[in-house]
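Each chain gets a letter, A, B and so on, in the order the sequences are listed, and its residues count up from 1.
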2 protein chains.
Amino acid sequence: MSPRPKGRTIKSDLRERIIEAAWEQISREGAPALSLRAIARDLDIAAPSIYNYFVDRDALVTALILEAYESLALHQKMANDALPVQDLHARLVSIGNAYRDWAVTYPQRYLLIFGTPIPGYVAPLETIAPIAARSLHALISVVESFHLAGRLKVANLDDQTIAVLIWTRVHGLVLVEITNNLPPISPSGSQLFEIEFRLIVDQFFVD
Amino acid sequence: MSPRPKGRTIKSDLRERIIEAAWEQISREGAPALSLRAIARDLDIAAPSIYNYFVDRDALVTALILEAYESLALHQKMANDALPVQDLHARLVSIGNAYRDWAVTYPQRYLLIFGTPIPGYVAPLETIAPIAARSLHALISVVESFHLAGRLKVANLDDQTIAVLIWTRVHGLVLVEITNNLPPISPSGSQLFEIEFRLIVDQFFVD
DNA sequence: TACTGTAAGCTAACACCAGTAATTAAGAGG
DNA sequence: CCTCTTAATTACTGGTGTTAGCTTACAGTA
């Protein structure tokens, strides 16, 4: 219709600055400590102004979760695409390493997505589910490729289930590492990851 | 030295009632929503009275975490002791099932222990670590028994590492289940657990 | 019995939080 | 120039953890 009024397009880009400040705060203090008023202080604005851009705190959290999934999915895709299609083993390892790297680089984002839900927050599944699925897509497609190549060791499980199991194994390991719940006697997170990933490959795929 | 004054021992047992109310609240609303004032309302006392029994909110949380670990460790021990010492496979399965059962029965307690830390809370490791270790004890001892019986399939990993890996697998699965992060297409939590546990046994132990 | 000290409750208050209502300043379009 | 909309503001409500200071009841002692 009518061209976007200039005032709007030029508009202060405050929405993005709010999200940026929120990330800044999350990486410092963790997701559950996210405070609209602290964001407002950081940005030198009045707290209620945030409500011009997000209907409430949950809406902001949802936006952050979407961004985090987006980032994770992108890293997965890059790790996957970085290697030749036919080298399934290399692609699998690349995906796995990229997954852990992302998690330990952005532990608070990882926890925001997969950790204990924030007190009052309930994720709008219909918004998040599609993009959440995308972060598993690279893994599923590699498993399917192994299957098509006849290189699956387990015959009685379908590809999706295998992918989910691989994911929960990696997820559990990564989560334990970034929440500092590794037993003190155990090997380091990265060592353990390497061992576990070898075991995963060994159990499911002909190398 | 001098005998505990009667007034103290008879004392209102308020401390236990606070903890009880806290559990009640946690199972309803989840750990991060725990509120001292809400507890006080439930018990018809003034909020600051709680500070007679816990130096601050974190101290209460620590007490709750200890109780939760205690309960988990006890369940593990019972599951372990319920079966003959020599039937390693049965004991392992029993431990595994008990672990998941406990987690799905008390999801909020499980999340309290292993989930995203509560906003300001930092766990006093020296208090928690010993009892936390106990909840892995049953598993470690079974793995050691398998080792002594010469029934370990993997030769290059020590018992502790194997136990930790088994735990992180089960942990990841259980956590994904109770935080509702299972991909919609995947099998149910209990089915997945059964599959995964079979894979675990198959990979590490001679049956 | 009367006195004293302490433990454990209380109210009041502070500083923070999310969110709402009402108001103002500024700019766009007629 | 006037009006309408948008995005900012301040003021406020009701929630949170926590501290300070007061009060009450009771144990131990003289």
Set out, line by line, the N/O atom pairs under 3.5 Å between protein and nucleotides 15-22 of chain C.
| residue | atom | partner | partner atom | Å |
| --- | --- | --- | --- | --- |
| C/dC17 | OP1 | A/S35 | OG | 3.1 |
| C/dC17 | OP1 | A/R41 | NH2 | 3.1 |
| C/dC17 | OP2 | A/R41 | NH1 | 2.9 |
| C/dA18 | OP1 | A/L36 | N | 2.7 |
| C/dA18 | OP2 | A/L36 | N | 3.2 |
| C/dA18 | OP2 | A/R37 | N | 3.0 |
| C/dA18 | N7 | A/R37 | NH1 | 2.6 |
| C/dG19 | OP2 | A/Y51 | OH | 2.9 |
| C/dG19 | OP2 | A/R57 | N | 2.8 |
| C/dG19 | O5' | A/Y51 | OH | 3.2 |
| C/dG19 | O6 | A/R37 | NH1 | 3.4 |

(Q) Please list all pairs meeting ring-ring contact (aromatic ring centres under 6.0 Å, His included) that have one or both residues in residues 179-199 of chain A, counting only residues at least two apart or in different chains. (A) A/F193-A/F197
Checking [Y] against [X]: is there a side-chain donor and acceptor pair closer than 3.5 Å?
X: A/Q203; Y: A/R198; answer: no
X: B/T62; Y: B/Y121; answer: yes
X: A/S188; Y: A/Q191; answer: yes

Which whole-number value in Å describes the distance from [X] [atom1] to [N] [atom2]?
X: A/R15; N: D/dA7; atom1: CZ; atom2: P; result: 12 Å
X: B/L43; N: C/dA8; atom1: CG; atom2: P; result: 16 Å
X: B/N52; N: C/dA8; atom1: CG; atom2: P; result: 6 Å
X: B/D44; N: C/dG9; atom1: CG; atom2: P; result: 13 Å
X: B/I50; N: C/dC10; atom1: CD1; atom2: C1'; result: 14 Å
X: B/I45; N: D/dG17; atom1: CD1; atom2: P; result: 12 Å
X: B/I39; N: D/dG17; atom1: CD1; atom2: C1'; result: 12 Å

Q: Scan residues 64-75 of chain B for pairs that pass side-chain hydrogen bond (donor to acceptor under 3.5 Å, both in side chains), counting only residues two or more places apart or in two chains.
A: B/W23-B/E67, B/E70-B/R134, B/S71-B/W102
Q: May I have all residue pairs that pass side-chain hydrogen bond (donor to acceptor under 3.5 Å, both in side chains) and include part of residues 170-185 of chain B, sequence neighbours excluded?
A: B/R100-B/E177, B/Y110-B/H171, B/T179-B/N181
**Q.** Below 4.0 Å: OP1/OP2 of D/dA7 and any side-chain N or O of A/Y53
**A.** no
Q) Under 4.0 Å between a side-chain N/O of A/S49 and OP1 or OP2 of D/dA7, yes or no? A) no
Ignoring hydrogens and angles, write down the donor-acceptor pairs under 3.5 Å from the side chains of residues 37-49 of chain A, residues two or more places apart or on other chains.
| residue | atom | partner | partner atom | Å |
| --- | --- | --- | --- | --- |
| A/S49 | OG | A/A46 | O | 3.2 |

(Q) Show the nearest heavy-atom pair for residues A/L36 and A/I50, with the distance to one decimal. (A) O-CD1, 3.3 Å
Using the 3.5 Å cut-off, write out each protein N or O paired with an N or O of nucleotides 21-25 of chain D and the distance between them.
none

Q: Please check if the side chain of B/D13 supplies one atom and the backbone of B/E16 the other of a donor-acceptor pair under 3.5 Å.
A: no
